[in-house]
Amino acid sequence: MGAPAGNLSSSRAVVRSGVYNLFGFFASAAYMFLIVPVAVSYLGQEQYGLWTTIAAVTAYIGLADFGMSTSFVTYIARFVTTGQYDQASRVVHFGLLFYAAVSLVLIAGTLALFPLGFSVLRIPAEQALVARDALGLILLTFALTSTGSVLTNALAAVQRMDVVNGVASIALAVKFGAIIAALEAGWGLRGLLGADLAVTALTVPVVVGLTRRHMPYLSFRWQGYDGALMRSLVRFGAQMQVSRLSDMVLANFDKLLLARLSGLSVVATYDFGSKPAGRLRQLPATAITSLVAAVSALDAEANEDRIRAALIRSTRYLAIVSAPLFGFCIIFAEPLVEVWLGPGQTMAAMALRILCAAFFVSAVVSALSMISIGRGEPQFQMRAMLAQTVVNIALSTTLVLLFGFYGAVTGTATATLFGALLFFWMYGRKVLDRPLRVLAGILARPVACAVASGAVGWIAFAGVSALIGPAGRGALAVALAASGAMFLVVYAGLLLWSRTVNADDAGFLKGVLPARVAALLARRA
């Protein structure tokens with residue numbers, strides 16, 4: 001019976017997994033960037049809005065898993081660290097059986113109740129049959145994805161994010177090609193979702209084989225029932241569920257509200273702005289999801305000093321990376337959306353700008369979220385996210401009724417900022433003294449550098465635009481690329497000048513890089 005490779009809590013393992021997570025993120029972001037204009041082109045904005053609305057409905061249905069997915073990573077990492085492979089196997093068995101049962105109940109119940117749900121959302125009668133078929137296909141895809149996620153979470157628990165992200169990236173590439181073929185054949189929304197389902201079904205057995213290969217110490221034979229373990233998993237998952245509910249509300253409540261009050265086309269416009277903002281929010285956190293497994297291992301060793309150091313360093317790096325990303329999108333929202341989708345999307349650009357301002361803080365705070373999950377203390381995040389959900393629903397509903405589209409965006413942005421700061425204050429006190437003051441100190445220099453860089457970038461954008469002239473989206477893309485390059489160069493220079501990045505960071509980077517890469521950098525220095 002083989003042992004897991006590598007030290008799960010080592011900085012090198014965390015950084016290595018983070019790099020692969022970023023690779024997977026960029027593959028997913030590229031898929032989103034390409035599929036949205038393609039889908040709008042083939043389906044039209046009304047049908048795209050229908051797809052978005054159904055996806056929002058099924059996202060809430062996904063809460064029926066009781067938040068179990070995160071608990072799998074935490075508990076498997078802990079059991080593998082301590083050599084309790086039978087217990088790790090029991091977690092996998094419970095997850096597979098649990099998701100299979102939940103999926104069957106969801107498919108039957110949701111399809112039976114769908115006429116009532118779509119009546120509440122005022123889906124046009126002529127769209128009812130397409131909506132029903134689309135809902136069924138999305139539910140089947142959810143069932144396969146959820147069941148397979150047990151195994152991908154097991155791989156994530158032992159820092160095999162190279163495998164997880166490699167499979168996911170290849171699947172996205174195949175899925176994109178299959179969707180193009182289905183749309184070209186004239187199969188519409190049903191064809192798009194059918195292609196998604198087919199590729200997902202083909203991916204599951206691949207994940208099974210890779211799990212057996214990379215985690216040979218896991219047994220797929222029934223290990224017996226452990227009531228205490230199952231209760232711990234369910235309790236942990238239930239607390240995490242509130243955080244997931246908050247994310248669902250954040251991403252989808254406004255869409256459902258706008259679908260009822262303003263129509264499917266407005267939902268599509270909101271999605272054009274919120275989708276890239278939400279994806280950008282995930283980028284920094286994606287790089288540090290491996291902290292969950294690492295902190296779980298450190299917690300099993302009762303190593304509080306390394307946990308605290310990991311929090312400070314991760315939060316600093318998230319701020320340094322996030323500030324230019326969100327700052328650039330805030331400053332250049334209109335040209336970015338125009339290059340992506342064409343002219344006439346002013347409302348979507350404003351939504352992107354408003355949401356990015358709040359999502360920046362949420363992204364930086366995500367390091368503390370990973371720490372709380374890894375330590376098996378999700379109750380603090382649960383309380384903060386419950387408060388965020390209440391604020392989001394109340395504020396968005398009120399503001400939508402008063403101001404329409406922009407009320408939805410403002411309500412969500414305000415609730416996001418409130419929830420992030422509340423969580424950092426509540427749980428941060430367990431790890432840091434005066435956590436909000438620490439957070440403000442961490443954010444100050446990267447934000448100042450991003451603002452100054454943005455001003456230089458905007459001057460470069462205006463200059464290149466004047467030089468090229470109004471020559472369409474291609475010329476706009478060139479101007480954006482030039483201003484983006486100037487933005488990053490100035491930002492990097494300001495980071496070094498202000499000593500936001502220092503010798504300690506260089507030493508850490510040298511320690512976690514592969515030996516060959518570190519030697520190459522040393523020779524070039």
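Sequence positions, counted from 1, serve as the residue numbers for this chain.
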Checklist entry - Considering residues at least two apart in sequence or located in another chain, which fulfil the side-chain contact (heavy atoms from CB on, under 4.5 Å) criterion with A309? => result none
Checklist entry - Any idea which heavy atoms bring V199 and A171 closest together, and the distance? => result CG1-O, 3.6 Å
Item to check | Rounded distance (nearest 0.5 Å) linking atom CG of L104 with atom CG of L139 | outcome: 11.5 Å
Item to check | Residue list, side-chain contact (heavy atoms from CB on, under 4.5 Å) with L137, at least two apart or on another chain | outcome: L193, L197
Checklist outcome for this item: Residues at least two apart in sequence or cross-chain that pass side-chain contact (heavy atoms from CB on, under 4.5 Å) with F418, listed by chain then number, are A387, V391, L422
Item to check | Non-neighbouring partners of R353 that pass salt bridge (Lys or Arg N to Asp or Glu O under 4.0 Å), sequence neighbours left out | outcome: E334
Checklist entry - Do the non-hydrogen side-chain atoms of V158 and H214 ever get within less than 4.5 Å of each other? => result no
Checklist entry - side chain to side chain donor-acceptor pair (under 3.5 Å) with D271: which residues, sequence neighbours excluded? => result Y48, K255
Checklist outcome for this item: Nearest heavy-atom approach of Y99 to S146 is CD1-O, 3.3 Å
Checklist outcome for this item: Looking only at heavy atoms, the pair that brings P446 and A319 closest together is CB-O, 3.6 Å
Checklist entry - What distance separates I330 CD1 from F359 CZ, expressed to the nearest 0.5 Å? => result 11.5 Å
Item to check | Spacing of OH belonging to Y75 relative to CG belonging to N153, to within rounding of 0.5 Å | outcome: 14.5 Å
Checklist entry - Going from CZ on F424 to CG on L436, what distance comes out if it is rounded to the nearest 0.5 angstrom? => result 7.5 Å
Item to check | Close side-chain approach of T412 to F253, heavy-atom, < 4.5 Å | outcome: no
Checklist entry - Would you say the side-chain atoms of T414 pair up with the backbone N or O of G411, donor to acceptor, closer than 3.5 Å? => result no
Checklist entry - Going by heavy atoms in the side chains, are I307 and L311 under 4.5 Å from each other? => result no
Next on the checklist: Could you report the tightest heavy-atom contact between G273 and A351, atom names first, then the distance?
Outcome noted: CA-CB, 4.2 Å
Checklist entry - Quick one: are M215 and R160 in side-chain contact, heavy atoms under 4.5 Å? => result no
Item to check | Audit row: L325, V321, side chain to side chain contact (heavy atoms under 4.5 Å, CB included) steps and yes/no | outcome: CA-CA 7 Å; L325 295 174; V321 172; 4.1 Å; yes
Checklist entry - Quick one: side chain to side chain donor-acceptor pair (under 3.5 Å) partners of R434, sequence neighbours excluded? => result none
Checklist outcome for this item: Contacts of Y427 meeting ring pair (Phe, Tyr, Trp, His ring centres under 6.0 Å) (sequence neighbours excluded), chain-then-number -> F380
Checklist entry - Taking all atoms of both residues into account, what is the closest heavy-atom pair of S369 and F423, and its distance? => result N-CE2, 3.6 Å
Checklist entry - With sequence neighbours left out, what residues match V38 under side-chain contact (heavy atoms from CB on, under 4.5 Å)? => result Y42, F176, I180, L183
Checklist entry - Can you list the residues that meet the side chain to side chain donor-acceptor pair (under 3.5 Å) rule with S396, with sequence neighbours excluded? => result D254, N392
Checklist entry - What residues, two or more places apart in sequence or in another chain, satisfy salt bridge (Lys or Arg N to Asp or Glu O under 4.0 Å) together with R279? => result none
Checklist entry - Between the side chain of Y85 and the main-chain N/O of P216, is any donor-acceptor distance below 3.5 Å? => result no
Item to check | Student check: side-chain heavy atoms of V150 and F98 closer than 4.5 Å | outcome: no
Checklist entry - What are the two closest heavy atoms between A156 and V164, and how far apart are they? => result N-CG2, 4.3 Å
Checklist entry - Does the T145 side chain pair with the main chain of F142, one donor and one acceptor, at a distance under 3.5 Å? => result no
Checklist entry - How about L421 and L439: do any of their side-chain heavy atoms sit closer than 4.5 Å? => result yes
Item to check | All pairs passing salt bridge (charged side-chain N to carboxylate O under 4.0 Å, His left out) where residues 195-214 contributes a residue, at least two apart | outcome: K175-D196
Checklist entry - Taking side chain as C-beta onward, heavy atoms only, is V438 less than 4.5 Å from I312? => result yes
Next on the checklist: With rounding to the nearest 0.5 angstrom, report the CG to CG distance, L189 to D133.
Outcome noted: 9.5 Å
Next on the checklist: Is the shortest side-chain heavy-atom distance between S28 and M32 below 4.5 Å?
Outcome noted: no
Checklist entry - Out of curiosity, T315 OG1 to L368 CG, how far, rounded to the nearest 0.5 Å? => result 7.0 Å
Checklist entry - Does S366 use its side chain to pair, donor to acceptor, with the backbone of A363 at less than 3.5 Å? => result yes
